[in-house]
Every structure is written in C-alpha cells, then in structure tokens.
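Here the structure is laid out as structure tokens; the discussion comes afterwards.
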Amino acid sequence: LTKFSGAEYFLGVYCNLAGIGAQLDWGNGVVPYLNLRRIRTRQCSLTAADLVMLLRAAPQLEAGVFVNEPLTGIEAILMEQPPPPCKDVIFFEITDCALSAHDAAALLAIAPGLRAVHLQMMTLTGLGRALALKTSLNCLTELRAADCGLDGWDARCLLRRCPLLEVVDLCGNNLSFSPEDEDPVPSSPSWPRMEHITKADFRHCNLEQEDEEALLEALPSSATVQFRVVVEGAGQHATHAAAGGATARGHVVFDDSSDED
C-alpha cells in the first residue's frame, strides 16, 4: 500500500490482513498518506484496530465495503483516540462483521456525510437508541439493515435520525417487538413522517396490520412499499392502504396451512 500510495482502490479477498494497522502506525501519531477512494475486503481477518488505522491513513476515502471481518470492539478503539478523518465517506457496507449496536453506531458517527449504509447479518439490537446518543445521519438517503436483530423501537429511532431517507430496507427484523423494560431516547412511539421515501421494504418483519397501516400513513402516496402477509386459504386479498398515505404495492401473498412463517 505504501509503495503504491497513488492507488485509489484497494481490494482484499480471502487473505490475511491481520496486523496491517500496526504496519501503518509509524509512531507518534504519524501514518502514511494513502490516496485510496475505495476499500473492499472480504474474510481477510481485518480487526477493528486494523480498520481504524486504515481509515486514518486514507483521509480521502469515499466508500468502504467489509464482509465477514472480525470488527468487534471498534467503539472502544474509537473512544481511545481521535476519530479518523472520514468526512468524504459517503458509503459503508458492513456484512457479517460481528459488530455490536454500539460498535455500528460509533462507526457510522465518524462519517457525517454518509449517503448510503448497508448492514446485514449482525446482531444490532439497540442500534437506533445507540445512534440517537451519538449523531444524526442528516445526509443519508439509503438505509439497508437486513437480518440485524432490530426491534420496533430501533426502527423508529433510526428513521427519526435520517430525515432525508429515500430508500429503506429493514427486511428480516422483528419490528413488532419493542422492549418494555428499557427507556430509549425520548421519542414518540409512532412511526415518523418519511416525506422523501420512494421505496420501503418491510418484508419478514412480523408487522401487524395496525403497524402496516401506520407506516403507510407515514409514507408519501407515491412510495412503493413491501410487506410480508401470510394468508390462509385461497382468494383472500392482502393489499390495503391508509387514507392519505402510501399504497402497499408489493405484498408477498401465499397460502399457508401451518402456524409457522
């Protein structure tokens, strides 16, 4: 990396990058300057400390994609030292990287200009509340957090912190559940108004009809919305809309004679 310091794209796939952070740490806060605009790694044993140092050495980074990397504990590392300069980062994709809710919130908070975030296959229960304590994602237009263990309060908090969202995908999260024994950042229990949404995916979110109707009311009438509806018996109709709100155009409807989804 230091030899080809003018490179703009770094790709690491199925290799061992553990310890790269130590190689980039030249002591006394000095790091090499890398011209990287995009970083993508997959299963490279990249640790949280490695990632923080890599971000610190690439101040012009615009996009980072990290898949199946052990990034647990990145919040603690970011609290121990000044955050890396990520003012130009507009896209993060993080999949199966063992982040906690507070880790994910800390990582998103260092990039105030984020426009798109893709999170998947992690247990991020509490992310909405953790993020609310750190920052708002005022530039974010696309949020995808599939299969992340989010609950209903997380979803509401997240959507409140992203006022310019155009695309939201929360597929695979149990949004019907909200912990009653926790007191998150004070907010209305209702779904926030989402005036800019053009596409919303709430499939496999275990939403009740009341929640679906509330979401439709909170979305613009032009938005395309997907829900997952289980229908027993043929001939039953699943599409419904709330007055003055969006119309659910993408319900997944199927016959089911069991009690399981």
Side-chain angles (χ1 to χ4, degrees), residues 66 71-76 78 92-112 114-197 199-219 223 225-228 261:
F66 310 101
L71 301 181
T72 305
I74 198 168
E75 181 197 30
L78 290 171
F92 268 148
E93 178 179 334
I94 307 169
T95 299
D96 194 18
C97 287
L99 293 180
S100 68
H102 289 279
D103 286 333
L107 187 55
L108 298 182
I110 66 174
L114 277 170
R115 297 180 189 172
V117 171
H118 294 186
L119 307 170
Q120 190 168 3
M121 296 176 61
M122 293 177 287
T123 303
L124 301 180
T125 308
L127 175 60
R129 286 152 283 180
L131 191 63
L133 296 172
K134 292 182 179 295
T135 187
S136 291
L137 299 175
N138 293 322
C139 297
L140 201 68
T141 60
E142 181 175 329
L143 172 63
R144 300 182 185 272
D147 299 315
C148 286
L150 302 178
D151 58 40
W153 280 24
D154 283 326
R156 289 167 172 81
C157 289
L158 275 172
L159 295 173
R160 287 184 183 281
R161 310 307 289 183
C162 309
L164 298 182
L165 269 187
E166 298 175 5
V167 176
V168 58
D169 177 0
L170 298 180
C171 182
N173 297 285
N174 184 8
L175 303 186
S176 67
F177 173 76
S178 294
E180 299 178 355
D181 57 343
E182 296 185 35
D183 184 18
V185 174
S187 63
S188 168
S190 62
W191 293 96
R193 295 290 301 176
M194 294 170 273
E195 300 178 353
H196 303 284
I197 291 289
K199 183 178 180 181
D201 188 345
F202 296 102
R203 291 175 297 164
H204 305 279
C205 288
N206 200 28
L207 290 169
E208 301 292 339
Q209 181 170 332
E210 180 181 352
D211 289 312
E212 293 185 4
E213 290 175 348
L215 276 166
L216 292 174
E217 182 67 29
L219 296 167
V225 189
Q226 290 181 292
F227 294 119
R228 181 176 187 269
D261 290 346

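No hydrogens, no waters, no symmetry mates; every other heavy atom, side chains included, goes into these values.
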List the steps and the verdict of side chain to side chain contact (heavy atoms under 4.5 Å, CB included) for L216 and V225.
CA-CA 8 Å; L216 292 174; V225 189; 4.0 Å; yes

Could you measure the distance from the [atom1] atom of [X] to the [atom2] atom of [Y]? Nearest 0.5 Å is fine.
X	Y	atom1	atom2	answer
S136	L131	OG	CG	7.5 Å
F202	D169	CZ	CG	9.0 Å
L215	S190	CG	OG	10.5 Å
R160	M194	CZ	CE	9.5 Å
N173	C205	CG	SG	5.5 Å
C97	L107	SG	CG	9.5 Å

According to side chain to side chain contact (heavy atoms under 4.5 Å, CB included), who are the partners of [X], at least two apart in sequence or on a separate chain?
X	answer
M121	T95, D96
A155	L170, L175, W191
T123	T125
R115	I90, T141

Residues D151 and R156 bridged, charged N to O under 4.0 Å:
no

Pick out which of L159, L158, D201 makes a side-chain contact (heavy atoms from CB on, under 4.5 Å) with V168.
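Testing V168 for a side-chain contact (heavy atoms from CB on, under 4.5 Å) against L159, L158, D201 leaves exactly one candidate, L159.
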
Suppose the criterion is side-chain hydrogen bond (donor to acceptor under 3.5 Å, both in side chains): which pairs have a residue in residues 98-107, not counting sequence neighbours?
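Checked against side-chain hydrogen bond (donor to acceptor under 3.5 Å, both in side chains) - neighbours excluded - the pairs reaching residues 98-107 are S100-D103.
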
What verdict does the side chain to side chain contact (heavy atoms under 4.5 Å, CB included) test give for Q120 and E93, after you've listed the backbone C-alpha separation in whole Å, the side-chain angles of each residue and the deciding distance to 0.1 Å?
CA-CA 8 Å; Q120 190 168 3; E93 178 179 334; over 6 Å; no

Report the residues that fulfil salt bridge (charged side-chain N to carboxylate O under 4.0 Å, His left out) with D147, sequence neighbours left out, ordered by chain and then residue number.
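Counting only residues at least two positions away or on another chain, D147 forms no salt bridge (charged side-chain N to carboxylate O under 4.0 Å, His left out).
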
For K134, enumerate each residue passing the salt bridge (charged side-chain N to carboxylate O under 4.0 Å, His left out) test, keeping only those at least two apart in sequence or located in another chain.
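For K134 the salt bridge (charged side-chain N to carboxylate O under 4.0 Å, His left out) partners, ignoring immediate neighbours, are E75.
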
Least distance between heavy atoms, [X] atom then [Y] atom:
X	Y	result
S176	N174	OG-OD1, 2.7 Å
A130	A101	CB-O, 4.1 Å
L127	A104	CD1-CB, 3.9 Å

Taking C-beta and beyond as the side chain, do L140 and L164 meet within less than 4.5 Å on heavy atoms?
no

V117 versus R144: any side-chain heavy-atom pair under 4.5 Å?
no

Could you walk me through whether T135 and L108 pass the side chain to side chain contact (heavy atoms under 4.5 Å, CB included) test, one step at a time?
CA-CA 9 Å; T135 187; L108 298 182; 5.7 Å; no

Report the residues that fulfil ring pair (Phe, Tyr, Trp, His ring centres under 6.0 Å) with H196, sequence neighbours left out, ordered by chain and then residue number.
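H196 satisfies ring pair (Phe, Tyr, Trp, His ring centres under 6.0 Å) with no other residue.
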
Under the criterion side chain to side chain contact (heavy atoms under 4.5 Å, CB included), I'd like the reasoning laid out for L137 against L143: C-alpha separation, chi angles, the key distance, then a yes or no.
CA-CA 10 Å; L137 299 175; L143 172 63; 5.9 Å; no

Residues in side-chain hydrogen bond (donor to acceptor under 3.5 Å, both in side chains) contact with E166, at least two apart in sequence or another chain
none

